[in-house]
Each structure stands twice: as structure tokens, then as C-alpha cells.
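Below is one structure, written out as C-alpha cells; comments come after it.
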Amino acid sequence: MSSSEKTAPSAPAVQPGKKKPRIKVPGSATLLGYAGLIPFAGTALIVWLAWPSPAARDALFALQAYGAVILSFLGGARWGLAMAGHGYASDTETRRELRMGLTAAVLPSVIAWLALLMPPLQALSVLIICYGGQYLADIQTVKAGDAPGWYRLLRTPLTLLAMAAMLAALARLIIG
């Protein structure tokens with residue numbers, strides 16, 4: 001079945017007087033996801049409070065590097081979803097969809113690597129934009145039924161908080 005024929009999994013029918021089933025994010029995904037925000041928040045806080053000290057400059061590079069690593073990780077998640085959704089592509093349309101999905105999954109890693117080569121102001125700007133784009137692409141993946149519904153519930157706050165940390169550091173750089 002091609003992705004154009006796929007539909008998002010339908011929720012169980014809700015009987016009158018009963019509540020709609022609630023999608024729940026697995027506890028381990030929640031714990032690990034929020035733990036992954038600690039380096040974002042910690043380095044952004046150091047940049048904000050200690051700028052322009054050597055410690056703040058080190059924290060800025062650490063934030064830039066961690067942002068790049070996590071962007072690459074998100075691309076890897078897309079790679080896995082593309083493989084799971086298209087498996088061993090046998091027909092031309094499915095092969096094309098697999099190729100497009102894998103290509104889209106590699107782009108975050110390439111952009112992340114380039115962000116490591118940029119000055120911090122440009123790097124953080126690029127990373128923030130890419131996190132937004134990656135989020136939108138992942139939401140489309142959930143809507144297409146190629147990722148679990150809870151993925152959106154997890155990604156929304158994690159993405160916003162990671163972007164806020166990078167934006168705070170970026171603002172500190174701009175105001176000096």
C-alpha cells in the first residue's frame with residue numbers, strides 16, 4: 001500500500017456518555033525526552049547568566065553541538081519511520097516514497113554537521129529553523145499514520161522547549 005492510500009489509524013468509536021480514549025505517551029519516552037532537555041536548559045542558562053565569560057562561550061559551543069547532535073538524532077528517527085513504513089519496496093511508487101523518506105531523514109544530519117562549522121549566531125539560527133521544520137515534518141508523519149499518535153504529544157513540548165533554550169542563547173548573543 002502506498003502512503004497516498006494510507007490513512008491515519010482511526011480511534012475506537014466513542015459511545016454516547018463515554019469519554020474519548022486518551023492517547024498516552026509511554027513513561028520511558030517521557031522521562032528520556034525531558035531528561036534530554038537538561039543540556040539545552042543548562043547550557044542556555046550558563047550563556048545567559050555568565051556572558052561573555054569563557055565559561056559562557058564554552059557553554060555556547062556545547063549548546064550548538066548538542067543542538068546539532070539532537071537534530072541528527074531526529075533525522076535518525078525519521079530514517080527508522082521511513083524504513084518501517086515502506087519496508088522492502090517492491091513497486092515503483094513505494095521505492096520512490098522510501099527514497100524520498102530516507103533522503104529527508106539524512107538532511108538533518110548534514111545540516112547539523114554544517115551548523116557545527118558555523119559561527120554561533122548563524123548556527124543557532126539554522127538549528128532553530130530546522131527544529132521547527134523537523135517538527136512539522138514529524139507531525140505530518142503522525143497524521144499519515146506512520147508514527148504513533150503519542151509522538152506528537154511528546155514532540156510538541158520537547159521541540160518548543162529546545163527551541164526556547166536556543167532562542168534564549170541567541171538573544172543573549174544579540175543583546176551582548
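In this chain, residues are counted from 1 in sequence order. Source: prediction; values computed, not measured. The figures here come from the full heavy-atom set of this structure, side chains too, leaving out hydrogens, waters and symmetry mates.
Note: the hydrophobic cluster containing M166 does not contain L136 (ILVMFWY, side chain heavy atoms under 4.5 Å, direct or indirect links). L107 and L116 fall into different hydrophobic clusters, where Ile, Leu, Val, Met, Phe, Trp and Tyr are joined by side-chain heavy atoms under 4.5 Å apart, directly or via other members. Taken together through direct or relayed side-chain contacts under 4.5 Å among Ile, Leu, Val, Met, Phe, Trp and Tyr, I174 and M118 form part of one hydrophobic cluster. Criterion: ILVMFWY side-chain heavy atoms under 4.5 Å apart, direct or through other members. Under it, I23 and L158 are part of a common hydrophobic cluster. Under a hydrophobic clustering in which Ile, Leu, Val, Met, Phe, Trp and Tyr are joined whenever their side-chain heavy atoms come within less than 4.5 Å, directly or via other members, L153 and L31 fall into different clusters.
Using a 4.5 Å heavy-atom cutoff, the side chains of P108 and L74 are not in contact. Side-chain contact between M83 and W79: present, with at least one pair of heavy atoms (C-beta onward) separated by less than 4.5 Å. Proximity of E97 to M100: side-chain heavy atoms (C-beta onward) are nowhere separated by under 4.5 Å. Between R57 and W51, some side-chain heavy-atom pair lies under the 4.5 Å cut-off. For the pair V106 and L102, the minimum side-chain heavy-atom distance is 4.5 Å or more. In this structure the side chain of Y135 reaches within 4.5 angstrom of the side chain of T156, judged on heavy atoms. Looking only at side-chain heavy atoms (C-beta outward), I139 and K143 come within less than 4.5 Å of each other. The closest side-chain heavy-atom distance from L63 to L124 is below 4.5 Å.
Note that the CZ atom of R155 and the OG1 atom of T141 stand 9.5 Å from one another [nearest 0.5 Å]. How far NZ of K24 is from OG1 of T30: 8.5 Å, rounded to the nearest 0.5 Å. Interatomic distance, L117 CG to Q64 CD, rounded to the nearest 0.5 Å: 9.0 Å. Atom CG in L71 sits 5.5 Å away from atom SG in C130 (nearest 0.5 Å). Between the CG atom of L127 and the CG atom of L167 there is a distance of 12.5 Å, given to the nearest 0.5 Å.
L45 belongs to a hydrophobic cluster whose other members, connected by ILVMFWY side-chain contacts under 4.5 Å either directly or through intermediates, are W48, L49, I175.
S72 approaches A112 most closely through the heavy-atom pair N-CB, 4.3 Å. Residue G67 comes nearest to Y131 through the heavy atom pair O-OH, 2.8 Å, listed as atom of the first residue, atom of the second, then distance. Of all heavy-atom pairs spanning L98 and A82, the tightest one is CD1-O, 3.7 Å. Here the closest non-hydrogen pair linking A162 and L37 is N-CD2, 3.9 Å. Here the closest heavy-atom approach between residue L60 and residue L173 is recorded as CD2-CD2, 3.6 Å. W150 approaches P26 most closely through the heavy-atom pair CD2-CD, 3.3 Å.
F73 CZ: 12 or fewer foreign heavy atoms inside a 6.0 Å radius.
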* Should T43 and Y66 be marked as a side chain to side chain contact (heavy atoms under 4.5 Å, CB included) after you check the CA-CA gap, both sets of side-chain angles, and the distance that decides it? -> CA-CA 9 Å; T43 54; Y66 189 68; over 6 Å; no

* **side chain to side chain contact (heavy atoms under 4.5 Å, CB included) between I111 and V126, worked out** => CA-CA 8 Å; I111 294 169; V126 165; 3.7 Å; yes

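With hydrogens and angles left out, the side-chain atoms of D91 and T94 include a donor and acceptor closer than 3.5 Å.
By the 4.0 Å N-to-carboxylate-O rule, R152 lies too far from D138 to be salt-bridged with it.
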